[in-house]
Trainee: 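The structure under discussion is supplied below as structure tokens; questions concerning it will follow.
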Amino acid sequence: MNKVVALTGNEAAAEAMRQINPDVVAAYPITPQTELMHKFSDFVADAVVKTEMILVESEHSAMSACIGACAAGARVMTATSANGLAFMWEVVYIAASLRLPIVMTVVNRALSGPINIHCDHSDTMGCRDSGWIQLYGENPQEAYDNIIQAIRIAEHPDVRLPVMPTFDGFIISHTLERLEILSDEEVGKFIGAWKPVHPLLDIAHPVTYGPLDLQDYYFEHKKGQAEAMKRAKGVVLAVGKEYGALSGREYGFFEEYKTRDAEQIILCLGSASGTVKSVVDGLREKGRRTGVLKLRMFRPFPAEEILSAIGHAKSIAVLDRAEGFSGLGGPLFPEVRSALYGRSDAKVINYVYGLGGRDLSPEMILSVFDDLEEGRITDREAVHLGVRI
Amino acid sequence: MSVRNYLRPERLPTYWCPGCGDGLVITSMAEVFEELHCDEKNTVLVSGIGCAARAPGYFTLESVHGLHGRAVPIAEGIKIVRPELNVVIISGDGDLLGIGLNHLIHASRRDTDIKVICIDNQIYGMTGGQKSPTTALGVKTLTSPEGNTDRPVDCQALIKAHNSFYARATTFHLPLLKKAIRAAMEHRGFAMVDVRSQCPVNYGRRLGYRNAYEMLMHFKQHYKPVKGVVDRLAHDEIGITSENPKSQIQNPNSA
């Protein structure tokens with residue numbers, strides 16, 4: 001039974017964590033994630049969760065504590081942003097390599113330097129090859145829904161990988177919106193009882209996590225991780241469908257918004273898609289066949305499905321809220337173009353926007369659709385939207 | 001050069017909240033810099049992340065605003081390349097005594113000739129008031145609503161473990177603060193000034209202090225200045241500790 005509430009993105013994430021009631025949370029303050037942990041600290045202090053919360057001395061320690069706790073047999077969650085995620089780097093990889101189903105919310109923020117606290121996706125995009133599943137949310141509702149589904153996806157026996165649900169810093173984390181939440185019982189039943197797999201100190205079945213793995217088995221372990229990532233696709237869909245039956249909000253790899261007959265399509269992640277949708281609505285009234293594909297799952301990358309969804313378009317703009325410094329634009333673009341390569345005639349153009357929280361206005365999106373329709377932009381170089389140089 | 005020349009009036013008002021102690025510390029630093037003829041040719045400032053770490057931006061001296069916890073290694077890097085420079089760190093307790101604590105211990109162990117001014121307000125102020133490594137036991141913060149259960153870092157014990165220079169001051173005892181900063185600047189080798197400062201907005205307010213003045217009065221009543229130079233300061237004492245001769249540690253493997 002859905003209950004209507006008004007929560008910010010951070011509060012919605014904290015509410016999801018309260019309902020999940022993890023065994024251990026280890027965290028360190030960083031803007032804009034901090035309010036999430038304030039709220040969760042209150043839940044711990046009020047004993048409405050049974051969570052053991054450790055406020056450690058750095059993010060490197062936070063993820064390390066999560067790894068230890070998860071290996072020891074606990075359901076573990078944390079949250080961070082930007083430089084906090086960057087400081088975790090080596091342990092983020094280890095969490096995935098050890099196949100520990102940790103769920104870490106990342107409130108997207110620009111990665112320094114120079115220091116900036118506002119939204120872009122440079123933090124989580126830098127983590128794209130770390131072996132974590134990534135789910136991008138558009139609004140507080142999706143922040144809440146993704147976190148609950150993340151537990152199921154991470155812990156699924158076919159997957160056993162950590163999951164990173166994300167949403168945009170400040171734009172979503174600090175914005176109050178209407179959303180619908182499930183009852184505690186429904187969430188508890190949906191995620192199910194936590195069953196540790198190969199926990200430490202199970203004397204009858206002793207295990208070692210992370211021993212030296214050289215030319216003998218390292219490659220096999222990495223292939224195993226890659227295969228689990230492929231299997232995650234089916235699990236994400238199944239969990240999204242089951243969640244839809246429960247809540248009325250079904251989730252897939254992406255949301256197709258007026259794309260079926262669209263000639264010009266924008267593909268983007270996160271909060272920007274709301275603005276793009278409203279521009280599409282306006283253009284549709286004028287008879288322009290435009291649409292938006294809002295990608296929810298970036299890892300694993302749903303290449304085949306993206307091809308089926310937008311391969312028919314005449315031109316596609318990929319909006320990247322991160323600069324890849326490759327000379328070719330942002331990190332989302334090459335993956336989308338590779339997915340379409342040789343199998344679609346669409347011209348794919350990259351736009352980098354919104355770095356460090358720079359606003360994405362409807363006028364900018366309109367200019368992108370105009371560019372696409374008039375074919376005046378080359379697909380050989382990324383366009384930086386709304387920059388003064 | 002007057003004190004005013006060390007600060008950048010075009011950057012005022014500061015980013016800090018009304019009543020913050022950081023302004024008192026940078027004024028004291030500017031006064032010492034003037035007395036010792038520190039200028040943009042011989043002195044650089046380094047900071048990490050946090051409210052205190054914004055301080056270098058208000059000085060006319062050149063500076064590096066680094067990343068969280070890493071002010072000390074950045075300062076060590078500068079000192080290695082330009083040993084003739086005064087390299088001064090100004091940062092907070094979360095930065096120097098939390099996420100970057102290991103660097104502080106190792107720089108004091110190496111006796112690297114850098115000066116560390118730590119503005120300790122016992123809270124993560126910039127992120128809104130989470131408990132920090134120096135938050136006292138039992139204190140309620142946004143992340144310890146039931147009262148802090150972790151003991152605060154004993155900065156003096158860590159620095160004195162290597163017989164390095166350590167002084168403690170508060171933002172109420174300004175003559176002592178200035179004296180401590182000056183002694184640190186004149187000391188050859190690693191020097192640490194631990195400044196107890198007030199955060200009225202994200203700390204004091206939630207503990208019942210109505211304004212910064214009440215927090216300063218708390219410092220006045222709680223901290224006792226010690227005369228001369230002592231071996232070690234009690235937890236409620238402020239002053240300058242003696243620089244002991246570097247201990248001659250025996251090689252345990254030698255006969």
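Residue numbers begin at 1 in each chain, while the letters A, B, ... track the order of the sequences. The basis for the numbers below is simple: all heavy atoms, side chains too, and nothing from hydrogens, waters or symmetry mates.
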Trainee: Can you list, pair by pair, the side-chain donor-acceptor contacts under 3.5 Å of residues 190-199 of chain B, counting residues two or more places apart and other chains?
Mentor:
{"unit_1": "B:Asp194", "atom_1": "OD2", "unit_2": "B:Tyr166", "atom_2": "OH", "d": "2.6"}
{"unit_1": "B:Asp194", "atom_1": "OD2", "unit_2": "B:Arg196", "atom_2": "NH2", "d": "3.1"}
{"unit_1": "B:Arg196", "atom_1": "NE", "unit_2": "B:Asp120", "atom_2": "OD2", "d": "3.3"}
{"unit_1": "B:Arg196", "atom_1": "NH1", "unit_2": "B:Tyr223", "atom_2": "OH", "d": "2.9"}
{"unit_1": "B:Gln198", "atom_1": "OE1", "unit_2": "B:Thr171", "atom_2": "OG1", "d": "2.7"}
{"unit_1": "B:Gln198", "atom_1": "NE2", "unit_2": "B:Gly19", "atom_2": "O", "d": "3.0"}

Trainee: Identify whether the distance between the nearest side-chain nitrogen and carboxylate oxygen of A:Arg109 and A:Asp168 falls below 4.0 Å.
Mentor: no

Trainee: Is a side-chain donor-acceptor pair under 3.5 Å present for A:Asn10 with A:Thr8?
Mentor: no

Trainee: Can you give me every donor-acceptor pair (side chain of residues 80-89 of chain A, partner residue at least two apart or in another chain, under 3.5 Å) with its distance?
Mentor:
{"unit_1": "A:Ser81", "atom_1": "OG", "unit_2": "A:Val107", "atom_2": "O", "d": "2.7"}
{"unit_1": "A:Asn83", "atom_1": "OD1", "unit_2": "A:Ser112", "atom_2": "N", "d": "3.2"}
{"unit_1": "A:Asn83", "atom_1": "OD1", "unit_2": "A:Ser112", "atom_2": "OG", "d": "3.4"}

Trainee: A:Gln134 and A:Tyr136: side-chain donor and acceptor closer than 3.5 Å?
Mentor: yes

Trainee: Any donor-acceptor pair under 3.5 Å linking the side-chain atoms of B:Asn148 with those of B:Ser144?
Mentor: no

Trainee: Heavy atom to heavy atom, less than 4.5 Å: which residues from residues 41-55 of chain B reach chain A?
Mentor: B:Ile49

Trainee: B:Tyr124 and A:Tyr28: aromatic ring centres closer than 6.0 Å?
Mentor: yes

Trainee: With a strict 4.5 Å heavy-atom criterion, list every residue of residues 52-64 of chain A that contacts chain B, or say none.
Mentor: A:Leu55, A:Glu57, A:Ser58, A:Glu59

Trainee: Taking atom types as modelled, is there a side-chain donor on B:Tyr6 or B:Glu40 under 3.5 Å from an acceptor on the other?
Mentor: no

Trainee: Between A:Ile115 and chain B, which part of the residue has a heavy atom less than 4.5 Å away: side chain, backbone, both or neither?
Mentor: side chain

Trainee: Give a yes or no on whether B:Arg232 atom CZ has more than 12 heavy-atom contacts from other residues, nucleotides or ligands under 6.0 Å away.
Mentor: yes

